[in-house]
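One structure is given below, represented as structure tokens, and several questions about it will come after.
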Amino acid sequence: MRNVDMRTELGELILRNPVVTSSGTYGFGEEYAPYCPVSILGGITVKGITPLPRLGNPVPRLAETPSGLLNSVGLENPGLVEFRNSYLPKLALLDTAVIVNISGFSPDDYTLLASSFQKKDTGIAALEVNISCPNIKHGGMAFGTNPRSAEEVIEAVKKNTDLPVIAKLSPNVTDIVEMAKAVESGGADIISLINTLLGMSIDIQTQKPLLANKMGGLSGPAVRPVAVRMVYQVYEAVGLPIVGMGGISTWQDAVEFMLAGASAVSIGTVNFVNPLAPVDILNGIEEYCLKKGYRSVREIVGLAHE
Ligand SMILES: Cc1cc2nc3c(=O)[nH]c(=O)nc-3n(C[C@H](O)[C@H](O)[C@H](O)COP(=O)(O)O)c2cc1C
């Protein structure tokens, strides 16, 4: 029996604990199953789904940087129909909350995607709306860097699904609070942040960009202080529950995000290094609460604020 109540509340979305995995770093759950039983986790977030299948960007599309990873995968995914027919039935059998991440190129795409996922699809806990992908030319981040478009997209999603809607914000903006307020006005139930930071690496021997797509999204420990700052700012300005992510590699990192105001934490790039990281992080958070005398993990959310 666990000593600390690890359940976390994100509005109507209740997770058995605050540790989930991040979209694009955990496939569709199957790849990690031999290493990390998903039933231990609060939830998993699947790779971003678009209306049509996508092969993604040309390779090379991954490059390591100091304490980070640049990727320009470009939303490789099987597309909506294949996802619903072949992946969703298997995901529905998993003993964990499944968050479906959706991505579009127009408001109509988001409407179509949202209307395709409802509560009656047993197994889906929430929809995460990616308005922040830096790796596709049109759409994605274009919606996530303009408050008006972000609000419209979230409004369209909200109107067309009865699932809790998580708006995933881009850090590639001057004012994250403005974006958070925009998605709140659009009806978002939960905010997740951050997606990757637009970056670039150049090979000094070939004298050309390392990524075929030239630019990519930076993730991993290098982005963590930016993410913590944004979670802190959004917590102060907006009343919605927050899923914090960006460079979380240890339980100490996760606790930092929760103190900043995240009710749940999402584990991304570190999975590529240590597939058991989410379990280590979960155990570490529980141990921290125990040592500090908290009976519920919910008590530490936002403690860094005045
Ligand atoms: C290879 C890769 C693919 C990703 N694909 C998606 C995606 O499809 N949709 C999405 O919303 N975020 C995607 N992300 C962003 C992550 O979900 C996460 O927001 C970001 O990597 C920051 O967390 P981290 O530093 O812990 O990885 C991807 C990240 C990586 C590294």
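Computed from a predicted structure; not experimentally measured. First listed ligand is number 1; within each ligand, the first listed atom is number 1. When a residue number appears, it is its place in the shown sequence, counting from 1.
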Heavy-atom contacts with Asn195 under 4.0 Å: which atoms of ligand 1 show up? List them by number with element.
10 (C), 11 (O), 12 (N), 15 (C), 19 (O)
At under 4.0 Å between heavy atoms, what of Lys168 touches ligand 1? The answer is side chain
Is there a nitrogen or oxygen of Phe272 sitting under 3.5 Å from a nitrogen or oxygen of ligand 1?
no
Check Asn101 against ligand 1 and report side chain, backbone, both or neither, counting heavy atoms closer than 4.0 Å.
side chain
Does the side chain of Ser192 come under 3.5 Å of the side chain of Glu128 through a donor N or O and an acceptor N or O?
yes
Going by distance only, is there an N or O of Val223 that falls short of 3.5 Å from an N or O of ligand 1?
no
Test item: Asn195 and Pro171 side chains (from C-beta on) under 4.5 Å apart, heavy atoms:
yes
Stepwise side-chain contact (heavy atoms from CB on, under 4.5 Å) test for Leu282 and Met6:
CA-CA 9 Å; Leu282 176 61; Met6 292 297 281; 3.6 Å; yes
Go through ligand 1 atom by atom and flag the ones less than 4.0 Å from a non-hydrogen atom of Ser22.
17 (O)
Between ligand 1 and Ser266, is the shortest N or O to N or O distance under 3.5 Å?
no
Can you list the residues that meet the ring pair (Phe, Tyr, Trp, His ring centres under 6.0 Å) rule with Phe83, with sequence neighbours excluded?
Phe28, Phe117
List every atom of ligand 1 that sits less than 4.0 Å from any heavy atom of Thr269, numbering the atoms from 1 in the order shown and giving each element.
24 (P), 25 (O), 26 (O), 27 (O), 31 (C)
Do Thr161 side-chain atoms and Lys158 backbone N/O form a donor-acceptor pair below 3.5 Å?
no
Between Leu80 and Thr50, is the side-chain contact (heavy atoms from CB on, under 4.5 Å) condition met? List the steps.
CA-CA 6 Å; Leu80 176 61; Thr50 51; over 6 Å; no
Return the orientation label for the Tyr235 and His305 ring planes: parallel under 30°, perpendicular over 60°, tilted otherwise.
tilted
Please lay out, stage by stage, how Ser266 and Ile248 fare under the test side-chain contact (heavy atoms from CB on, under 4.5 Å).
CA-CA 8 Å; Ser266 190; Ile248 298 176; over 6 Å; no
Is the closest N or O pair between Ser23 and ligand 1 shorter than 3.5 Å?
yes
Could you walk me through whether Ile14 and Thr8 pass side-chain contact (heavy atoms from CB on, under 4.5 Å), step by step?
CA-CA 6 Å; Ile14 315 264; Thr8 192; over 6 Å; no
For the residue pair Val20 and Leu15, establish whether any side-chain heavy-atom pair is separated by less than 4.5 Å.
yes
Within the 4.0 Å heavy-atom shell around Thr196, which atoms of ligand 1 are there?
20 (C), 21 (O)
With atoms numbered from 1 as shown, which atoms in ligand 1 lie under 4.0 angstrom from a non-hydrogen atom of Gly48?
8 (O)
Give yes or no for whether the N/O distance cutoff of 3.5 Å, strictly under, is met between Lys47 and ligand 1.
yes
Given salt bridge (charged side-chain N to carboxylate O under 4.0 Å, His left out), test Glu76 with Lys47 step by step and report yes or no.
CA-CA 8 Å; Glu76 177 181 345; Lys47 176 67 190 167; over 6 Å; no
Atom indices of ligand 1 within 4.0 angstrom of Leu75 heavy atoms, with elements:
8 (O)
Centroid-centroid under 6.0 Å between Tyr110 and Phe143 rings
yes
Do Ile267 and ligand 1 have an N or O pair less than 3.5 Å apart?
no
Gly268 heavy atoms, cut-off 4.0 Å: which ligand 1 atoms fall inside?
26 (O), 27 (O)
Going by the atom numbers of ligand 1, which of them fall below 4.0 Å from some non-hydrogen atom of Met245?
18 (C), 19 (O)
Looking only at N/O atoms, are Glu128 and ligand 1 under 3.5 Å apart anywhere?
no
Between Ile194 and ligand 1, is there a nitrogen or oxygen pair with a distance under 3.5 Å?
yes
Is it the side chain, the backbone, both or neither of Asn71 that has a heavy atom closer than 4.0 Å to ligand 1?
side chain
